[in-house]
Amino acid sequence: MQPELATQGGRAVRGEAHPTIVKRSSRRHEDEGHGGAWKVAFADFCLALLCLFLVLWLLASRNSERMQVVLQNAGANLIEDGQGLTNSLAAGSRGSMIERHPVPARSEDPSAGDPQHGSTDARVGRPSLDSPEQLQSLARRIAGLAAEEGLQGHLRTAVTPQGLRLQLHDTEASGMFERGSAQPAAPLRALLRKLGPMLAQIRNQLLIVGHTDATMYQDKGPGAFTNWALSSHRAMAARHELLAGGMPESSVLQVSGMADAAPLDALHPTAAVNRRIELMLLTSAQAQSIAALYGPAGLRDPALDPADQIRGSIPPAARNAAPHTASVAQPAAPAASR
């Protein structure tokens with residue numbers, strides 16, 4: 001340590017040395033707040049809390065799955081089928097006046113049913129498949145299309161005197177429609193759109209019938225949504241997909257819903273096979289018989305001979321009285337000539 005220098009009269013005078021005092025103070029209590037031990041403890045706490053939430057979530061998820069299995073085993077799968085739920089196609093979204101599934105807008109393209117743009121029936125001139133051999137060949141083609149979409153286990157075909165019967169039904173693994181809804185599943189939609197061009201090549205008409213199982217909705221009021229409405233909506237949805245695939249509108253003779261009135265498995269009314277869509281491809285004779293039940297003779301197939309249509313439009317009583325009337329009118333002819 002250098003001694004301090006004092007100035008006297010312009011001369012530097014060496015003064016006495018003063019020792020430098022260094023005071024050390026303890027700051028142990030002030031530094032405790034800036035340590036890292038509390039951070040480690042907080043991280044451990046957050047990790048434990050995260051693990052707790054994860055365990056609770058896993059337990060809740062497992063309990064939910066177990067509850068669904070218990071309900072299904074106890075016959076309470078009505079919840080999954082739509083019991084107590086409002087059908088989205090019928091009611092739409094709650095609190096909204098806009099339908100969730102609006103009807104597609106009318107196309108601006110000239111349709112075959114417009115008299116200004118051509119014939120009213122696009123099936124005129126197309127062949128009609130009426131023999132069992134022809135219908136069986138068509139059934140094999142449709143089975144091939146179903147196999148392409150992975151629906152070979154969902155299709156049943158049968159050749160009957162009325163025509164070709166096609167059944168697209170649910171299985172325990174998958175369904176043709178969303179449960180309790182009229183929205184077709186993707187494989188069914190793809191298959192129906194492939195059937196559209198095939199049905200457009202023939203003159204046979206089609207019956208589309210929707211079926212449900214015996215599962216009922218909770219609301220049983222007069223205006224409630226029922227299986228009758230659900231089956232009808234599903235049949236209309238199938239018609240829409242066929243038309244989107246290219247099938248003419250005149251190919252459909254009737255669309256209806258039968259709810260659970262005609263189950264395939266009557267011993268198990270809630271079986272998956274009872275939920276189905278049936279496409280009945282009618283022979284010409286059967287289509288004429290069904291059309292005669294609901295409409296006048298003018299609804300007959302335009303491909304038939306016009307004389308047959310006129311003859312068929314005459315009531316039976318008039319046809320029986322026609323010979324007697326002609327025999328009475330014959331003697332009056334010469335008198336009229338006079």
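When a residue number appears, it is its place in the shown sequence, counting from 1.
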> Between Met280 and Gly163, which heavy-atom pair has the shortest distance, and what is it?
CE-N, 3.7 Å
> Under a single-linkage definition using a 4.5 Å side-chain heavy-atom cutoff for Ile, Leu, Val, Met, Phe, Trp and Tyr, are Leu207 and Leu192 assigned to the same hydrophobic cluster?
no
> Looking at CE of Met236 and CD1 of Ile208, how far apart are the two atoms once the value is rounded to the nearest 0.5 Å?
8.5 Å
> Rounded to the nearest 0.5 Å, what's the gap from CE on Met198 to CG on Leu281? Could you check?
10.5 Å
> CD/Glu178 to CD/Gln183 distance, rounded to the nearest 0.5 angstrom?
6.0 Å
> First locate atom CG of Leu135, then atom CD of Glu133, and finally report the distance between them rounded to the nearest 0.5 Å.
9.0 Å
> Do the non-hydrogen side-chain atoms of Ile290 and Leu282 ever get within less than 4.5 Å of each other?
yes
> Would the distance check show the side chain of Asp219 and the main-chain N or O of Ala224 forming a donor-acceptor pair, the cut-off being under 3.5 Å?
no
> Please report the closest heavy-atom contact between Ala238 and Ile277, naming both atoms and the distance.
CB-CG2, 4.1 Å
> Please enumerate all residues that pass side-chain hydrogen bond (donor to acceptor under 3.5 Å, both in side chains) together with Gln201, with sequence neighbours excluded.
none
> Between Asn274 (side chain) and Asp265 (backbone), is there a donor-acceptor pair under 3.5 Å?
yes
> Holding to side-chain contact (heavy atoms from CB on, under 4.5 Å), I want the full list of residues that pass it with Ala272, two or more places apart in sequence or in another chain.
Asp170, Glu172, Arg275
> So how far is it from Leu242 CG to Ser251 OG, rounded to the nearest 0.5 Å?
9.5 Å
> Under the side-chain contact (heavy atoms from CB on, under 4.5 Å) rule, collect the residues that match up with Ser128, sequence neighbours excluded.
Asp130, Arg203, Asn204, Ser284
> Does Leu47 share a hydrophobic cluster with Trp38, counting links as ILVMFWY side-chain heavy atoms below 4.5 Å and allowing steps through other members?
no
> Roughly how far, to the nearest 0.5 Å, is CG of Leu188 from CZ of Arg193?
11.0 Å
> Could you give all pairs that pass the side-chain hydrogen bond (donor to acceptor under 3.5 Å, both in side chains) test and reach residues 143-153, with sequence neighbours left out?
Glu148-Lys194, Glu149-Lys194
> Any side-chain to backbone donor/acceptor pair from Gln254 onto Leu206? Under 3.5 Å, distance only.
no
> Are a donor atom and an acceptor atom from the side chains of Ser137 and Gln134 found within less than 3.5 Å of each other?
no
> Using atom types as modelled and distance alone, determine if a side-chain donor or acceptor of Arg234 lies under 3.5 Å from a backbone N or O of Ser181.
yes
> By the rule that ILVMFWY residues connect when side-chain heavy atoms come within less than 4.5 angstrom, directly or transitively, which residues belong alongside Leu59?
Val55
> Taking side-chain contact (heavy atoms from CB on, under 4.5 Å) as the definition, give me every residue that meets it alongside Ala262, ordered by chain and number, with sequence neighbours left out.
His211, Met258, Arg276
> Establish, yes or no, whether a centroid distance under 6.0 Å links the rings of Phe177 and His233.
no
> Sorted by first residue and then second, give each side-chain hydrogen bond (donor to acceptor under 3.5 Å, both in side chains) pair with at least one member in residues 223-232; sequence neighbours left out.
none
> Which Ile, Leu, Val, Met, Phe, Trp or Tyr residues join Leu50 in one cluster when any pair of side-chain heavy atoms under 4.5 Å counts as a link?
none
> Below 30° counts as parallel, above 60° as perpendicular, anything between as tilted: where do the rings of His169 and His154 land?
tilted
> Could I get the full list of side-chain contact (heavy atoms from CB on, under 4.5 Å) partners for Ala146, not counting sequence neighbours?
Leu151, Leu155, Leu191
> Identify, with sequence neighbours excluded, every residue that meets salt bridge (charged side-chain N to carboxylate O under 4.0 Å, His left out) alongside Arg126.
none
> Looking only at heavy atoms, which two atoms of Val255 and Ala235 are closest? And how far apart?
CG1-CB, 3.6 Å
> What verdict does the side-chain contact (heavy atoms from CB on, under 4.5 Å) test give for Leu243 and Glu249, after you've listed the backbone C-alpha separation in whole Å, the side-chain angles of each residue and the deciding distance to 0.1 Å?
CA-CA 7 Å; Leu243 294 179; Glu249 292 186 3; 3.9 Å; yes
> State plainly whether one hydrophobic cluster holds both Leu279 and Ile142, where clusters connect Ile, Leu, Val, Met, Phe, Trp and Tyr through side-chain heavy atoms under 4.5 angstrom apart.
yes
> Mind checking who shares a hydrophobic cluster with Trp57, ILVMFWY linked at side-chain heavy-atom distances under 4.5 Å?
Leu54, Leu58
> Check whether any side-chain heavy atom of Gln167 sits under 4.5 Å from a side-chain heavy atom of Leu264, and report yes or no.
yes
> Could you list the residues that satisfy salt bridge (charged side-chain N to carboxylate O under 4.0 Å, His left out) with Arg156, not counting sequence neighbours?
none
> Tell me whether Leu129 is reachable from Leu199 by hopping between hydrophobic residues (I, L, V, M, F, W, Y) whose side-chain heavy atoms are closer than 4.5 Å.
yes
> Considering non-hydrogen atoms only, spot the tightest contact between Ala182 and Ala237 and give its length.
O-CB, 3.5 Å
> Answer with yes or no whether the hydrophobic clustering places Leu138 together with Leu166; edges join I, L, V, M, F, W, Y residues whose side-chain heavy atoms lie under 4.5 Å apart.
yes
